[in-house]
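Counting convention: from 1, in listed order, for ligands and their atoms alike. Atoms considered below: every heavy atom in the structure, side chains included; atoms not considered: hydrogens, waters and symmetry mates.
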Amino acid sequence: MKAVMTMEQKLYEDTVAYLQKLQGGDAGGHDPAHVLRVARMAVRIAEQEQADLFLTEMSALLHDVDDRKLSPETAAAHTHARVFLRAHGIDEEPIIHIIEQVSWKGTDSAVPDTLEGKIVQDADRLDAIGAIGIARAFAYGGAHGRVMHDPNVPPLLDMDGETYAHHVSTSLNHFYEKLLKLKDSMNTETGRRIAAERHAYMEAYLQEFLAEWDGRR
Ligand code: ADP
Ligand code: NI
């Protein structure tokens with residue numbers, strides 16, 4: 001399942017156990033499987049881009065442990081990530097720096113200033129689009145009590161970070177508010193190529209969804 005061994009087996013296993021403890025059972029698209037896919041994709045891109053594989057993989061594995069949607073009380077201080085890195089004697093700052101720049105914040109989203117950060121951001125965003133991205137959007141919506149679609153609620157395009165953080169919308173609107181924008185936000189060539197395929201798949205899906213919704217099919 002793992003593409004490259006960038007860290008000792010024991011450290012990898014400890015990390016997976018930590019993810020299981022913090023994110024295990026999340027039904028909103030942020031379960032450990034999301035994180036492991038992001039880490040695998042990030043390593044795959046890092047190999048193409050000749051980036052630091054360990055820094056890339058470790059940052060990817062910890063990118064959601066203090067996410068403000070999942071763990072608002074530790075988000076500002078990155079407590080979960082810091083505690084884990086300290087316990088394993090790993091230099092915290094380069095990894096925290098990457099994690100801080102990864103997340104989608106609408107028009108306030110950062111373009112990471114390190115190659116490894118760019119790669120982790122691409123990998124995280126690739127997991128938000130395509131077949132799995134579609135499933136995650138509806139899973140997130142369901143877990144947060146949102147309706148799938150309401151033609152009377154228009155999408156809110158070009159939100160800033162604060163607006164995005166508090167905006168409650170339908171799952172279908174999330175495609176127009178975020179997911180369809182991700183293709184043009186890719187930092188790496190590999191990211192752009194994979195995003196283009198997944199984007200096309202998502203557009204076809206949305207056409208079919210709306211046709212069935214309207215009774216045109
Ligand atoms: P980020 O922190 O960059 O937003 P995450 O890895 O935390 O990235 O994943 C965010 C994913 O969660 C979205 O791509 C989507 O699948 C789901 N999600 C977030 N907000 C919504 C929403 N309002 N409606 C549906 N899905 C959402
Ligand atoms: Ni994520």
Side-chain angles (χ1 to χ4, degrees), residues 15 19 22-24 26-42 45 56-72 74-76 78 80-81 95 98-112 117-150 153-157 159-187 191 194-195 198-199 201-202 205-206 209:
T15 317
L19 293 175
L22 295 174
Q23 293 173 238
D26 180 290
H30 292 87
D31 53 351
H34 157 65
V35 179
L36 297 179
R37 280 192 307 271
V38 171
R40 197 166 59 233
M41 176 66 80
I45 301 175
T56 302
E57 186 169 34
M58 202 68 235
S59 305
L61 288 169
L62 294 177
H63 86 275
D64 269 338
V65 291
D66 297 298
D67 185 274
R68 62 179 170 176
K69 298 186 290 303
L70 312 175
S71 183
T74 69
H78 300 279
H80 290 143
I95 292 172
I98 288 175
I99 293 173
E100 280 183 335
Q101 297 186 325
V102 164
S103 200
W104 173 262
K105 298 193 173 87
T107 54
D108 293 324
S109 300
V111 176
K118 288 182 166 79
I119 291 170
V120 176
Q121 187 180 71
D122 278 8
D124 192 29
R125 292 181 177 182
L126 286 170
D127 207 54
I129 61 179
I132 287 181
I134 293 168
R136 291 182 67 221
F138 287 109
Y140 183 97
H144 290 80
R146 304 195 178 161
V147 300
M148 286 199 296
H149 179 45
D150 181 348
V153 180
L156 195 54
L157 305 173
M159 285 180 267
D160 62 21
E162 266 315 292
T163 311
Y164 177 73
H166 300 109
H167 180 61
V168 175
S169 194
T170 68
S171 297
L172 204 79
N173 277 351
H174 190 64
F175 288 84
Y176 300 94
E177 293 171 342
K178 173 182 174 186
L179 306 182
L180 291 171
K181 298 174 189 287
L182 295 181
K183 162 176 82 67
D184 293 329
S185 78
M186 288 290 134
N187 303 300
I194 302 171
R198 294 187 182 186
H199 183 92
Y201 183 83
M202 219 163 39
Y205 172 82
L206 288 170
F209 182 105

With heavy atoms and a 4.0 Å threshold, my read on which part of Arg136 contacts ligand 1 is both

At under 4.0 Å between heavy atoms, what of Asp67 touches ligand 1? The answer is side chain

The atoms of ligand 1 lying under 4.0 Å from a heavy atom of Arg146, numbered in the order shown, are 22 (C), 23 (N), 24 (N)

Of all protein heavy atoms, the one nearest atom 25 (C) of ligand 1 is Ala137 O, 3.3 Å

Contact region, Leu179 to ligand 1, non-hydrogen atoms below 4.0 Å, reads side chain

**Report entry** Sub-3.5 Å N/O-N/O distance, Ser171 and ligand 1
**Finding:** no

In this structure, atom 5 (P) of ligand 1 is nearest to the protein heavy atom His30 NE2, 3.2 Å

When distances are taken from atom 27 (C) of ligand 1, the protein heavy atom at minimum range is Tyr140 CD2, 3.1 Å

The option among Asp124, Asn173, Asp127, Leu182 carrying the non-hydrogen atom nearest to atom 6 (O) of ligand 1 is Asp124

Contacts satisfying side-chain hydrogen bond (donor to acceptor under 3.5 Å, both in side chains) that involve residues 137-148 (not counting sequence neighbours) are none

What lies under 2.8 Å from the Ni ion (ligand 2), restricted to protein N/O/S atoms, is His34 NE2, His63 NE2, Asp64 OD2, Asp124 OD1

So do the side chains of Arg125 and Leu179 get within less than 4.5 Å of each other, counting heavy atoms only? no

for atom 4 (O) of ligand 1, nearest protein heavy atom and its distance come out as Lys178 NZ, 2.8 Å

Applying ring pair (Phe, Tyr, Trp, His ring centres under 6.0 Å) to His30 and not counting sequence neighbours gives His34

*Quick one: are Met41 and Ile194 in side-chain contact, heavy atoms under 4.5 Å?*
yes

In this structure, atom 15 (C) of ligand 1 is nearest to the protein heavy atom His174 NE2, 3.4 Å

* ligand 1 contact by Lys69, heavy-atom criterion under 4.0 angstrom -> yes

of all protein heavy atoms, closest to atom 2 (O) of ligand 1 is Ser103 OG, 2.7 Å

Here the atoms of ligand 1 under 4.0 Å from any heavy atom belonging to His34 are 6 (O)

Task: Ile45 and Leu126, any side-chain heavy atoms less than 4.5 Å apart - done: yes

Give a yes or no on this: more than 12 heavy atoms of other residues, nucleotides or ligands lie within 6.0 Å of atom OH of Tyr201. no

Would you say Leu19 and Leu36 make side-chain contact, with heavy atoms under 4.5 Å?
yes

Residues pairing under salt bridge (Lys or Arg N to Asp or Glu O under 4.0 Å) where one sits in residues 174-186, two or more places apart or in two chains, turn out to be Asp158-Lys181

Derivation and outcome, ring-ring contact (aromatic ring centres under 6.0 Å, His included), residues Phe175 and Phe138 | CA-CA 10 Å; Phe175 288 84; Phe138 287 109; 5.8 Å; yes

**Prompt:** Side chain of Arg136, backbone of Gly28: donor and acceptor closer than 3.5 Å?
**Reply:** no

Under 4.0 Å from one or more heavy atoms of Trp104, ligand 1 contributes atoms 1 (P), 3 (O), 4 (O)

Honestly, for Asp64 the part within reach of ligand 1 (heavy atoms, under 4.0 Å) is side chain

